[in-house]
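Scroll down for the structure; my scribbles are underneath it.
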Amino acid sequence: MKIIYSLLICCLVFPCKAQRICATNEAQLKPNLYSRSATQSLSARDTLPDEIITVPVVIHVLYNDNIQNISDAQVISQIESLNKDYRKLNNTRNIPTVFSSLSADARIIFCLAKTDPIGRATTGIIRKNIKTKSWSANDQMKFSASGGDDTWDSKRYLNIWICNLSGGSLGYSSLPGSPADKDGVVIQYDVFGTTGNLRAPFNKGRTATHEIGHWLGLLHLWGDALCGDDLINDTPPQRSYNNGCPAFPHVSTCSINANGDMFMNFMDFTDDDCMSMFTRGQKNKMRSMFASGNARNSFLNSQACNSPSPEEGPMASGNVVIIKSAVSLYPNPAKDFIIIEAKNSVELIGKTMVIFNTVGREIKRQLLTSSKNRILINNMPSGIYVIKIGEGKEIKILRLLKQ
């Protein structure tokens, strides 16, 4: 199995055709990149089979003018889009029937960091007014010494730099095992998110979905070679990349049957609105990066999504005690309503329940008045939510998947 070291995936757009093209350097290979010897300060535990893995994110917004200084709303829209893509809550109607059984919920979610590397409260969005008008894909934006912004601890945070990339570049990513001070993703400012200053057809947040796929060890479907190999068994071979929105089936000279290319996969180069799936094999590959001994394992112990104050977010750390009790949440996943129930009424009666989305925004608040409470959620968008019950130093935390 080929292992790729220090790989930069650089997505380019030719303005005349609005094509997404990525230039990948596979020249440097390093054995055992994903082995124990390649990682340090790893978690003491392995992933659980059905665990939802949470990845704290810090956004470095590097702007030379007001247009490049994207809004908080645009940043938040990207986090929400990532959570839909990685939880299979997006436009799955685009997936042909023949591929639908391969489509997977990666059970990975992303949140803006609430605690910085030294324990202070943060929004997870760092803004820096810079002199550089545009950046090459050479990692200089990742260092304050060269006018960019230094990496936060890449064992605990996914660093994403938002800036103006030269040459029409949409973005690029490091792969697991890259140097810690360069580890992360770089995205062009006007293809990040789903609202705000964006350009079609890259306005659905899929550039970040694609690049984070690389950050989690995925390769392009065609392995960056004619009829190449992405090392995933359930992605069918294809001659090369696809642009735009092909009609299904799109059969190439390397197709193994009449179903043709899986051009709706996030690791192809199609337009954002046409991308809609990871496969089961891709899911397993990405989740394997968090396994004991692998390069993203330390994220299992990251507390960066927890607020340093119990009053500042859905989860808490420090002096706050998260109570494990016999409180039930069902159905989960849920569509129209949820039930929060406890055998001991003291657990719930008189407590306040607050529902937060994955970026810490309060969505719903309700006083619990019995040991069995019915909560309407029919007006909430599909996605992942955190439910906090109680105040002060003792709280209960539940997780909800809204369909």
Side-chain angles (χ1 to χ4, degrees), residues 1-2 4 7 9 11-14 17-24 26 81-108 170 173 200-289 382 403:
M1 179 177 178
K2 293 190 302 181
I4 298 161
L7 180 64
I9 303 94
C11 295
L12 306 178
V13 172
F14 292 162
K17 293 184 179 180
Q19 291 182 340
R20 189 197 308 265
I21 299 177
C22 292
T24 301
E26 296 189 1
S81 179
L82 286 172
N83 287 331
K84 289 180 179 179
D85 287 348
Y86 279 80
R87 291 306 318 272
K88 195 182 172 182
L89 295 170
N90 53 27
N91 55 332
T92 54
R93 67 186 184 279
N94 288 353
I95 304 174
T97 303
V98 294
F99 292 141
S100 60
S101 64
L102 299 175
S103 180
D105 171 3
R107 299 185 71 79
I108 298 170
L170 290 187
S173 175
F202 310 113
N203 54 358
K204 303 294 184 183
R206 301 284 152 65
T207 299
T209 300
H210 177 102
E211 298 302 343
I212 292 172
H214 288 309
W215 184 80
L216 290 171
L218 296 185
L219 305 181
H220 297 136
L221 297 183
W222 62 102
D224 293 296
L226 289 180
C227 302
D229 185 6
D230 69 346
L231 309 178
I232 303 294
N233 290 333
D234 60 0
T235 55
Q238 61 186 56
R239 185 176 188 276
S240 185
Y241 58 83
N242 292 289
N243 287 134
C245 279
F248 178 80
H250 185 264
V251 180
S252 69
T253 55
C254 304
S255 298
I256 56 176
N257 54 44
N259 297 331
D261 297 350
M262 190 181 281
F263 59 81
M264 69 296 307
N265 193 286
F266 292 123
M267 301 314 292
D268 206 337
F269 287 174
T270 45
D271 294 347
D272 278 20
D273 199 41
C274 295
M275 290 181 167
S276 53
M277 69 176 288
F278 290 116
T279 66
R280 294 172 184 266
Q282 289 173 318
K283 166 190 174 178
N284 293 337
K285 176 66 175 181
M286 291 188 290
R287 291 182 66 84
S288 76
M289 293 298 101
S382 299
Q403 293 180 326

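Only a predicted model underlies this, so the values are computations on that prediction, with no experimental measurement involved. The residues of the chain are indexed from 1 along the displayed sequence.
Contacts of Asp234 classified as side chain to side chain contact (heavy atoms under 4.5 Å, CB included), with partners at least two apart in sequence or in another chain: Leu102, Ile232, Thr279, Arg280. In terms of the ring pair (Phe, Tyr, Trp, His ring centres under 6.0 Å) criterion, residue partners of Tyr86 (sequence neighbours excluded) are, by chain and number, Phe110, Phe278. Take Ser276 and apply the side chain to side chain contact (heavy atoms under 4.5 Å, CB included) test, not counting sequence neighbours, and it matches Asn90, Asn91, Asn94, Ile95, Met264.
A donor-acceptor pair under 3.5 Å is absent between the side-chain atoms of Ser255 and the main chain of Gly260, judged by distance alone. At least one donor-acceptor pair closer than 3.5 Å links the side chain of Arg206 to the backbone N or O of Met275. Without hydrogens or angle criteria, Asp268 side chain to Thr270 main chain gives no donor-acceptor distance under 3.5 Å. A distance-only check finds no donor-acceptor pair linking the side chain of Arg287 to the backbone of Ile108 [under 3.5 Å]. A donor-acceptor pair under 3.5 Å is formed between the side chain of Asp229 and the backbone N or O of Leu231.
Considering every non-hydrogen atom in both Phe202 and Asp272, the closest pair reads C-OD2, 3.2 Å. Here the closest heavy-atom approach between residue Ser240 and residue Leu226 is recorded as CB-CD2, 4.5 Å. Shortest non-hydrogen contact noted between Thr253 and Arg239 is OG1-CD, 3.2 Å. Closest non-hydrogen pair, Ala258 versus Val251, comes out as O-CG2, 3.6 Å.
The aromatic rings of Trp222 and His220 sit parallel, their planes meeting at an angle under 30°, below the 60° perpendicular limit.
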Inset, instruction - Would you please test Tyr241 and Leu221 for side chain to side chain contact (heavy atoms under 4.5 Å, CB included) and show each step? - result: CA-CA 8 Å; Tyr241 58 83; Leu221 297 183; over 6 Å; no
Inset, instruction - For side chain to side chain contact (heavy atoms under 4.5 Å, CB included), just list the numbers for Lys88 and Met277, CA-CA rounded to whole Å, side-chain angles, deciding distance to a tenth of an Å, and then say yes or no. - result: CA-CA 7 Å; Lys88 195 182 172 182; Met277 69 176 288; over 6 Å; no
Inset, instruction - Given side chain to side chain contact (heavy atoms under 4.5 Å, CB included), test Phe269 with His210 step by step and report yes or no. - result: CA-CA 9 Å; Phe269 287 174; His210 177 102; 3.8 Å; yes
Legend entry - side chain to side chain contact (heavy atoms under 4.5 Å, CB included) assessment of Phe99 paired with Asn259: CA-CA 9 Å; Phe99 292 141; Asn259 297 331; 4.0 Å; yes
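Annotation: Asp105, atom CG; neighbour count of heavy atoms from other residues, nucleotides and ligands within 6.0 Å is above 12.
Between atom CD of residue Gln238 and atom SG of residue Cys254 there is a gap of 9.0 Å, rounded to the nearest 0.5 Å. Taken from CG in Leu218 to NZ in Lys283, the straight-line distance is 13.5 Å, to the nearest 0.5 Å. A distance of 12.0 Å separates SG in Cys245 from NE2 in His250, rounded to the nearest 0.5 Å. To the nearest 0.5 angstrom, Leu89 atom CG is 11.0 Å from Ser81 atom OG.
Under the 3.5 Å distance criterion, with hydrogens and angles disregarded, no donor-acceptor pair is assigned to the side chains of Gln282 and Asp230.
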